[in-house]
Number of protein chains: 2
Amino acid sequence: MLFAVGEDLHAVATARLRRVDQRYTSGRRVLVEALVEAGRPVTTAELVASRRELPQSTTYRNLAVLEQAGVVRRVLGTDELARFEVAEDLTGHHHHLVCVSCGAVEDFEPPRRVEQTLADAVGRLRTRTGFRAEAHRLDLLGTCGSCAE
Amino acid sequence: MLFAVGEDLHAVATARLRRVDQRYTSGRRVLVEALVEAGRPVTTAELVASRRELPQSTTYRNLAVLEQAGVVRRVLGTDELARFEVAEDLTGHHHHLVCVSCGAVEDFEPPRRVEQTLADAVGRLRTRTGFRAEAHRLDLLGTCGSCAE
DNA sequence: CTACTTGCAAATGCTTTGCAGGAGA
DNA sequence: TCTCCTGCAAAGCATTTGCAAGTAG
């Protein structure tokens, strides 16, 4: 299932929060809208700075709640700053381009063949140590346009 | 180039540090040895706890120096804890299995075919936004043996 | 000798939490 | 109304830095 950005997204968010006994309050909605608007993984600081209605503590708390509910996802770059984006099953599976110079992250959709190869490999994987893979995370590291100049 | 774990490793470390005007002191050597011994990405806290000769501040400082010299690499899991391992070109290219439950990370070498597909994709990539990819990072997310019990 | 390293302790900065007031159902 | 949510300010923690003493070359 894959939803366009719109009313559906908020309906799903409401439902997922309800599953974990949480409400989709206006503050949380603002948070999700800010993430959608960004269109790429953003840091907590960026979120707080983007809207006056997003105080630090509440933002952190709500990101945690939304992450637990499966509405948003934590994304890792090369630095230690936490970045968030709307969950993949709401926006589509994709990967990230991570700038090794400034740490910025942008979205990226790989060729279907690459994706297929990865999915196959992950699906079969179960190591001797008992690790069972469920998903994959592929990031391309390099230099972004701004840093290359 | 790929070096076995042994004297060569220290020789390379010495050389790489020298390139950035740094010395391969006994303290830094202990750090590298601790990383080799671990055989998987370990947190700073684990390193500090593993050897009495590794105080916090020096460990952090030396990891930064060794990272800059290209002797060690920072690895990201799912939590915000920094983990480190000996640089790939000294131990061999590999990927990571990340436990979504406890955050533990172990090494993993994918089938050659997967690796080849990835390398090809990365080699060709240059997006409209001007991003130029240089390397890839593939992690498999799942549940480790301990957490599955 | 001279510059780089070390280690302690204090500082920094991102993130989390206590608590009193406010809002949702 | 009763519980969950919010926001401020204070606390927590991983990480970084100042500084005086130690050490490599």
Side-chain angles (χ1 to χ4, degrees), chain A residues 10-11 13-34 41-69 71-84 103 105, chain B residues 10-11 13-34 41-69 71-84 102-105:
Chain A
H10 298 299
T14 305
R16 292 197 181 172
L17 281 168
R18 190 143 44 210
R19 277 205 308 233
V20 291
D21 288 300
Q22 297 279 341
R23 299 164 185 160
Y24 194 43
T25 63
S26 62
R28 290 173 183 178
R29 183 168 174 135
V30 167
L31 195 46
V32 169
E33 282 168 351
V42 286
T43 62
T44 318
E46 287 175 309
L47 285 169
V48 170
S50 74
R51 313 267 180 137
R52 150 170 343 98
E53 320 97 280
L54 293 178
Q56 288 238 81
S57 65
T58 303
T59 300
Y60 276 104
R61 243 184 307 230
N62 283 340
L63 282 172
V65 169
L66 290 167
E67 184 184 16
Q68 221 219 327
V71 177
V72 308
R73 180 168 72 129
R74 175 184 293 252
V75 173
L76 301 170
T78 50
D79 50 30
E80 58 301 304
L81 286 179
R83 288 162 206 273
F84 293 86
V105 182
Chain B
H10 298 300
T14 305
R16 293 196 181 172
L17 282 168
R18 190 142 45 208
R19 277 206 307 237
V20 291
D21 288 301
Q22 297 280 341
R23 298 167 186 158
Y24 194 44
T25 63
S26 61
R28 290 171 183 178
R29 184 169 173 135
V30 168
L31 196 45
V32 169
E33 283 168 352
V42 285
T43 62
T44 319
E46 288 175 310
L47 284 169
V48 170
S50 75
R51 313 267 180 137
R52 142 166 356 93
E53 320 97 278
L54 293 178
Q56 289 240 82
S57 64
T58 302
T59 300
Y60 276 105
R61 246 185 305 230
N62 283 339
L63 282 172
V65 168
L66 290 168
E67 184 183 17
Q68 219 217 329
V71 178
V72 308
R73 180 168 72 128
R74 175 185 293 252
V75 172
L76 301 169
T78 51
D79 49 29
E80 58 301 307
L81 286 179
R83 287 162 207 272
F84 292 86
C102 70
V105 182

Colleague: Considering every strand and a 4.0 Å limit on heavy-atom distances, what is the contact class for B:Ala82: base, sugar-phosphate, or nothing?
Modeller: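 Counting heavy atoms under 4.0 Å across all strands, the contact made by B:Ala82 is with sugar-phosphate only.
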
Colleague: Residues in side chain to side chain contact (heavy atoms under 4.5 Å, CB included) with A:Val42, at least two apart?
Modeller: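 With sequence neighbours excluded, A:Val42 shows a side chain to side chain contact (heavy atoms under 4.5 Å, CB included) to A:Leu35, A:Ala38, A:Arg40, A:Glu46, A:Leu47, given in chain and number order.
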
Colleague: Nearest nucleotide by nearest heavy atom, which residue falls closer to the 5' end of DNA chain D, B:Arg74 or B:Thr25?
Modeller: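 The residue whose closest nucleotide sits nearer the 5' end is B:Arg74.
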
Colleague: Quick one: salt bridge (Lys or Arg N to Asp or Glu O under 4.0 Å) partners of B:Arg51, sequence neighbours excluded?
Modeller: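 Applying salt bridge (Lys or Arg N to Asp or Glu O under 4.0 Å) to B:Arg51 gives B:Glu37.
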
Colleague: Is A:Glu53 atom CD crowded by more than 12 heavy atoms from other residues, nucleotides or ligands, each under 6.0 Å away?
Modeller: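 Yes, CD of A:Glu53 has more than 12 neighbouring heavy atoms, counting only those of other groups under 6.0 Å.
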
Colleague: Give me the one residue out of B:Leu31, B:Asn62, B:Thr44 that meets side chain to side chain contact (heavy atoms under 4.5 Å, CB included) with B:Leu54.
Modeller: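 Filter result, single survivor: B:Leu31.
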
Colleague: Do any of residues 54-62 of chain A sit with a heavy atom less than 4.0 Å from DNA chain C, and if so which?
Modeller: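 Those residues whose heavy atoms fall under 4.0 Å from DNA chain C, taken from residues 54-62 of chain A in numerical order, are A:Gln56, A:Ser57, A:Tyr60, A:Arg61.
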
Colleague: Does A:Arg61 have any side-chain hydrogen bond (donor to acceptor under 3.5 Å, both in side chains) partners at least two apart in sequence or in another chain, and if so, which?
Modeller: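 With neighbours one apart ignored, the set is empty.
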
Colleague: On a heavy-atom basis, which atom in B:Thr78 and which in B:Gly103 lie closest, and how many Å separate them?
Modeller: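 Closest pair (atom of B:Thr78, atom of B:Gly103, distance): OG1-CA, 4.0 Å.
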
Colleague: Under 4.0 Å, heavy atoms only, any strand: does B:Thr44 hit a base, just the sugar-phosphate, or nothing?
Modeller: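 Since only primed, P, OP1 and OP2 atoms lie under 4.0 Å of B:Thr44, the category is sugar-phosphate.
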
Colleague: Please enumerate all residues that pass salt bridge (Lys or Arg N to Asp or Glu O under 4.0 Å) together with B:Glu33, with sequence neighbours excluded.
Modeller: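 Checked B:Glu33 against salt bridge (Lys or Arg N to Asp or Glu O under 4.0 Å); matches are B:Arg29.
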
Colleague: Holding to salt bridge (Lys or Arg N to Asp or Glu O under 4.0 Å), I want the full list of residues that pass it with A:Arg83, two or more places apart in sequence or in another chain.
Modeller: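 Applying salt bridge (Lys or Arg N to Asp or Glu O under 4.0 Å) to A:Arg83 gives A:Asp79.
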
Colleague: Closest approach of B:Val105 and B:Gly77, non-hydrogen atoms and distance?
Modeller: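 In terms of heavy atoms, the two residues are closest at CG2-CA, 4.4 Å.
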
Colleague: Could you give the start and end, 5' to 3', of the contact zone on DNA chain D for chain B, using atoms under 4.0 Å from its heavy atoms?
Modeller: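 Terminal contacting nucleotides, 5' to 3': D:dA14 to D:dA24.
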
Colleague: Of all residues at least two apart in sequence or in a different chain, which pass the side chain to side chain contact (heavy atoms under 4.5 Å, CB included) check with B:Val32?
Modeller: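 Side chain to side chain contact (heavy atoms under 4.5 Å, CB included) check on B:Val32 returns B:Leu9, B:His10, B:Tyr24, B:Val36, B:Leu66, B:Val71.
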
Colleague: Tell me the bend of the helix from C:dC1-D:dG25 to C:dA25-D:dT1 as the angle between end helix axes, each from five pairs, rounded to the nearest 10 degrees.
Modeller: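 The two end axes of the helix from C:dC1-D:dG25 to C:dA25-D:dT1 meet at 40°.
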
Colleague: Could you give the start and end, 5' to 3', of the contact zone on DNA chain C for chain B, using atoms under 4.0 Å from its heavy atoms?
Modeller: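 The protein-touched segment is C:dC4 to C:dA9.
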
Colleague: Return the set of residues passing side chain to side chain contact (heavy atoms under 4.5 Å, CB included) with A:Glu67 (not counting sequence neighbours), or none when no residue passes.
Modeller: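 Applying side chain to side chain contact (heavy atoms under 4.5 Å, CB included) to A:Glu67 gives A:Val72, A:Arg74, A:Phe84.
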
Colleague: Test B:Gln22 against every option in B:Arg28, B:Arg16, B:Gln68 by the side chain to side chain donor-acceptor pair (under 3.5 Å) rule and name the one that passes.
Modeller: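 That would be B:Arg28.
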
